[in-house]
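Shown next, in structure tokens, is the structure this report addresses.
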Amino acid sequence: MEKPEERTERLHKIRHSTAHVMAEAVRELFPGTRIAIGPAIEEGFYYDFQLPQPLKTEDLPRIEERMKGIIAEERPFQKRVVGREEARELFREEPYKLELIRDLPEGEEISLYSQGGFTDLCRGPHVASTRELPADAFKLLSIAGAYWRGDEHNQMLTRIYGTAWQSPRELADYLRKLEEIEKRDHRRLGRELDLFSTHEEAGAGLIYWHPKGARIRAIVEEYWRRKHFANGYEVVNTPHIGKSWLWETSGHLGFYAQNMYAPLSIDKADYYLKPMNCPFHILIYKSAVRSYRDLPLRWAELGTVYRYERSGVLHGLLRVRGFTQDDAHIFCTPEQIEEEILGVLRFSLDIWKDFGFKDVRAYLATQPASGAVGEPARWAQATESLRKAIEKEKLEYTLDEGGGAFYGPKIDLKIKDSLGREWQMTTIQFDFNMSERFQMTFAASDGSLQRPYMVHRALLGSLERFFGVLVEHYGGAFPLWLAPVQVTAIPVAPAFNEHAKAVVAALKALDLRAEADLSEQRMNAKIRAAQEQKVPYMLILGEKEKTAGTLSVRSRSGEQFAAESVAKFAAMVHDRVKKLE
RNA sequence: GCCGGAUUAGCUCAGUGGUAGAGCGGCUCACUCGUAAUGAGCAGGUCGUGGGUUCGACUCCCACUUCCGGCUCCA
């Protein structure tokens, strides 16, 4: 039995080698093609080309065919180490390769891999022969543009993405997973379940929450507030716009202007739509003299911000131009930060558990090499408090050395959804910049004025993105406590419409989210409709139920059971909701 | 913003230089029904927007909007 690491390594080799084969095929089919780079990636591989003509999706099968031909020739992959000069000579017509050679550090081995007629500058490793590449277990998936070396100032190349596996069966499994991802796409479910919409005529990247989506949001917000109060936070509310003074002081007009919208002119003053909430919270802080006895202050706000995002990056609910952050700022003394950070981290993990996300990874980003503001001692203490908190919670984490913002170190949390995809949600950031710029102080026990520590944190991130991830995580089948409609009453025939209405009214009075399907369809069609809407419970109501006052319950998983009464059923639902099921 | 693709009925999509189609959904009627689609009929589109070519444009060309897959960036 193959060990997981061996399997990963083997797949890596297969994918990387398949990328080489693809490059050969492309160069053969499109003479004049220049090749750039072609690595193996998470679930496949890609190769970047400069092509003499635009590529079409219809070209992919042709390339695949040629690849199969190459694989069938059973060519060995041969490694050869060459000198810099020889490498330059060999790739004299490949500008991208020449650039790579130029940038290889002196003394580094320059190796080439060939499979027959195609030679690539490559570190390897590769499979021994194309015989090891399963010709029926790879597939070219898509064409995309990609900047050379990921820099938008560089030439745009054509990237072909593909996937490769050890067997056709694995490939089929993977393709099935892609289909599943497509079915769960929050944009698709958003329409099918009537959760939200966007409107091109009214502006891209702006979300319209429909009643069902807004219902879920209301539940989330309610939960969020309750949790925050329980965790020692207070809630604040602040405006959507502020005068330029505010943004000049905060520095946003200096370092964040490219993400901000043009100002509105009001009474000859410039007002900006807020891209962040922090300056507003700071004004509340500064509205009184603060003592060390007041700290820590934890102020949270569901603050709606607007940020300019380049048109090409907008994506459903996941990347938008107007969104509501579940923001909070913590102002505390140096002695308090360790406990505060640990508190935030625990709070966040607690919330993820409640929403059904068990797998969380942390990313610790430290002081950037240059341009950082704030005293080194503060950076050290802050970073240490972040690290300690992660370690105390025994979280797996990745260190991002120098990856922090110029104003402070941070922890980001990424959660894994039910399909194993990672999403960046929580962020916990120190801010040494704002407290300085706004001259924030508190009176210490010795009477001196000190600078408080300021921590900015968003747990869910933004309600829009969180909702998008939630939809995909559950595939639209929200747990009972979040389901916008918990119960659909289905009369077996129109004669029982009145009874269905009465049952729904009773359920609503008991604080359940219930609806009756009184449409002209037959019962079976209504059941199907409720199933497709992923309603947790259906109540089938006919003569029996009407006379006995009982309920015939069908859950969306297909099981059926009886409830003695509306009250008993409601109690059962409440019980489950309380457990966040 | 950049590269490529797309933009036709509420949704999913077919069509192609000569008067615009299907399925689902909607509406109407009939059926009065017991755990995933009852049947029939009707309505619905200045073919994303603005220009151009043409006797004639949904179809060809240009610009723009929005969307999709990426790149870059990020909650």
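This is a predicted model, so every value here is computed, not measured. To find a chain, count down the sequence lines: A is the first, B the second, and so on, and within it residues start at 1.
- Within 4.0 Å (heavy atoms only), Leu541(A) reaches no atom of the nucleic acid at all.
- By the 4.0 Å N-to-carboxylate-O rule, Asp354(A) lies close enough to Lys227(A) to be salt-bridged with it.
- Distance, Phe466(A) CZ to rC74(B) C1': 19 Å, rounded to whole Å.
- Between Arg176(A) and Glu180(A) no salt bridge is recorded (no basic side-chain N to carboxylate O distance below 4.0 Å).
- Donor-acceptor pairing under 3.5 Å is lacking for the side chains of Thr18(A) and His20(A).
- With Asp326(A) as reference, Arg457(A) is the one residue of Met425(A), Arg225(A), Arg457(A) to meet the side-chain contact (heavy atoms from CB on, under 4.5 Å) rule.
- Summarising the geometry, the separation between CD on Glu200(A) and P on rU65(B) is reported as 11 Å, rounded to the nearest angstrom.
- Arg159(A) contributes no side-chain N or O that forms a donor-acceptor pair with the base of rC71(B) under 3.5 Å.
- For Gln325(A), counting side-chain heavy atoms from C-beta on, the closest listed nucleotide (rU12(B), rU72(B), rA75(B)) is rA75(B).
- Between Glu498(A) and Lys501(A), at least one side-chain N (NZ, or NE/NH1/NH2) sits under 4.0 Å from a carboxylate O, which counts as a salt bridge.
- Between Glu43(A) and Arg15(A), no side-chain nitrogen of the basic residue sits less than 4.0 Å from a carboxylate oxygen of the acidic one, so the salt-bridge criterion is not met.
- Atom CD in Gln258(A) sits about 18 Å away from atom P in rU72(B), given to the nearest Å.
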Taking Watson-Crick and G-U wobble contacts under 3.5 angstrom, with | marking pairs to another strand and [ ] crossing pairs, the secondary structure of RNA chain B is written ((((((...((((....[..)))).(((((.......))))).....(((((..]....))))).))))))....
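- Of all nucleotides listed (rG4(B), rC73(B), rA36(B)), rC73(B) comes nearest to the side chain of Arg319(A).
- Here Val320(A) lies in heavy-atom contact (under 4.0 Å) with a base.
- For Arg191(A), the side-chain atoms get nearest to rC11(B) when compared with the rest of rC11(B), rC33(B), rC31(B).
- Note on Tyr308(A): a side-chain N or O is less than 4.0 Å away from OP1 or OP2 of rG1(B).
- When the nearest nucleotides of RNA chain B are assigned to Gly558(A) and Leu55(A) by heavy-atom distance, the more 5′-ward of the two goes with Leu55(A).
- Counting atom types as modelled, Arg465(A) pairs a side-chain N or O with a base atom of rC74(B) as donor and acceptor under 3.5 Å.
- A sub-4.0 Å separation between OP1 or OP2 of rC71(B) and a side-chain N or O of Tyr161(A) is present.
- Within the nucleic acid shown, Ala525(A) comes within 4.0 Å of sugar-phosphate atoms alone, with no base atom in reach, counting heavy atoms only.
- Between His315(A) and rG69(B), a side-chain N or O to OP1/OP2 separation shorter than 4.0 Å is present.
- Comparing rG5(B) with rA63(B), their P atoms sit 13 Å apart, to the nearest whole Å.
- Listed pair Arg187(A) / rG69(B) meets the phosphate criterion, a side-chain N or O lying under 4.0 Å from OP1 or OP2.
- Straight-line distance between the P atoms of rC61(B) and rU16(B): roughly 15 Å, to the nearest whole Å.
- Which of rA36(B), rC71(B), rG69(B) sits closest to the side chain of Val313(A) comes down to rC71(B).
- Checking the phosphate oxygens (OP1, OP2) of rA36(B), a side-chain nitrogen or oxygen of Arg554(A) falls inside 4.0 Å.
- The OH atom of Tyr306(A) sits 18 Å away from the P atom of rA75(B) (whole-angstrom rounding).
- For Gln429(A), whose side chain is taken as the heavy atoms from C-beta onward, the closest listed nucleotide among rA75(B), rA36(B), rC31(B) is rA75(B).
- Under 3.5 Å, the side chains of His210(A) and Asp194(A) contain a donor-acceptor pair of N or O atoms.
- For the pair Lys183(A) and Glu179(A), the salt-bridge criterion is not met [side-chain N within less than 4.0 Å of a carboxylate O].
- Ion pair Glu532(A)/Arg556(A) not flagged as a salt bridge, since none of the NZ, NE, NH1 or NH2 atoms sits closer than 4.0 Å to an Asp/Glu carboxylate oxygen.
- Contacts of Gly150(A) with the nucleic acid, taken as non-hydrogen atoms under 4.0 Å apart, involve only primed sugar atoms and P, OP1 or OP2.
- Contacts of Gln521(A) with the nucleic acid, taken as non-hydrogen atoms under 4.0 Å apart, are absent.
- For RNA chain B, the residues of residues 543-552 of chain A within the heavy-atom distance limit of 4.0 Å (strictly under) are Glu543(A), Lys544(A), Glu545(A), Ser552(A), sorted by number.
- Nucleotides rG34(B) and rA43(B), compared at atom P, are 33 Å apart to the nearest Å.
- Comparing the P positions of rG25(B) and rG39(B) gives a spacing of 10 Å, expressed to the nearest Å.
- Salt-bridge check for Asp359(A) with Arg361(A): failed, with every basic side-chain N at 4.0 Å or more from each acidic carboxylate O.
- The gap from the P atom of rC71(B) to that of rU38(B) amounts to 45 Å, rounded to the nearest Å.
- Computed from coordinates, the Tyr46(A) OH to rG4(B) P distance equals 19 Å when rounded to whole Å.
- Atom P of nucleotide rG1(B) and atom CD of Glu152(A) are separated by 12 Å, given to the nearest angstrom.
- An OP1 or OP2 oxygen of rC3(B) is reached within less than 4.0 angstrom by no side-chain nitrogen or oxygen of Thr158(A).
- Rounded to whole Å, the distance from CG on Leu141(A) to C1' on rC68(B) is 15 Å.
- Comparing rU8(B) with rA22(B), their C1' atoms are spaced 13 Å from each other, to the whole Å.
- Using a 4.0 Å cut-off between charged side-chain N and carboxylate O, Asp185(A) and Arg187(A) make a salt bridge.
- Arg321(A) has no side-chain polar atom (N or O) that falls below the 4.0 Å cut-off from OP1 or OP2 of rA75(B).
- Residue contacts for Arg310(A): at a heavy-atom cut-off of 4.0 Å it reaches a base atom on one of the strands shown.
- Comparing Val553(A) and Ala204(A) along RNA chain B, the residue whose closest nucleotide (by nearest heavy atom) sits nearer the 5' end is Val553(A).
- Interface remark: the Glu309(A) side chain does form a donor-acceptor pair with the rA75(B) base, using a distance-only criterion of under 3.5 Å.
- Across rG44(B) and rA6(B), the matching P atoms stand 31 Å from one another, rounded to whole Å.
- One can place CD of Glu192(A) at 12 Å from C1' of rC24(B), the figure rounded to the nearest angstrom.
- Met425(A) comes within 4.0 angstrom of the backbone, heavy atoms only, and of no base.
- Taking the charged nitrogens against the carboxylate oxygens, Asp59(A) and Arg66(A) have no contact shorter than 4.0 Å, which rules out a salt bridge.
- rG18(B) and rC60(B) have their C1' atoms separated by 15 Å, with the value rounded to a whole Å.
- Using a 4.0 Å heavy-atom criterion, one finds that Gly461(A) contacts the sugar-phosphate atoms exclusively.
- A salt bridge does not link Arg217(A) with Glu222(A): none of the charged nitrogens is closer than 4.0 Å to a carboxylate oxygen.
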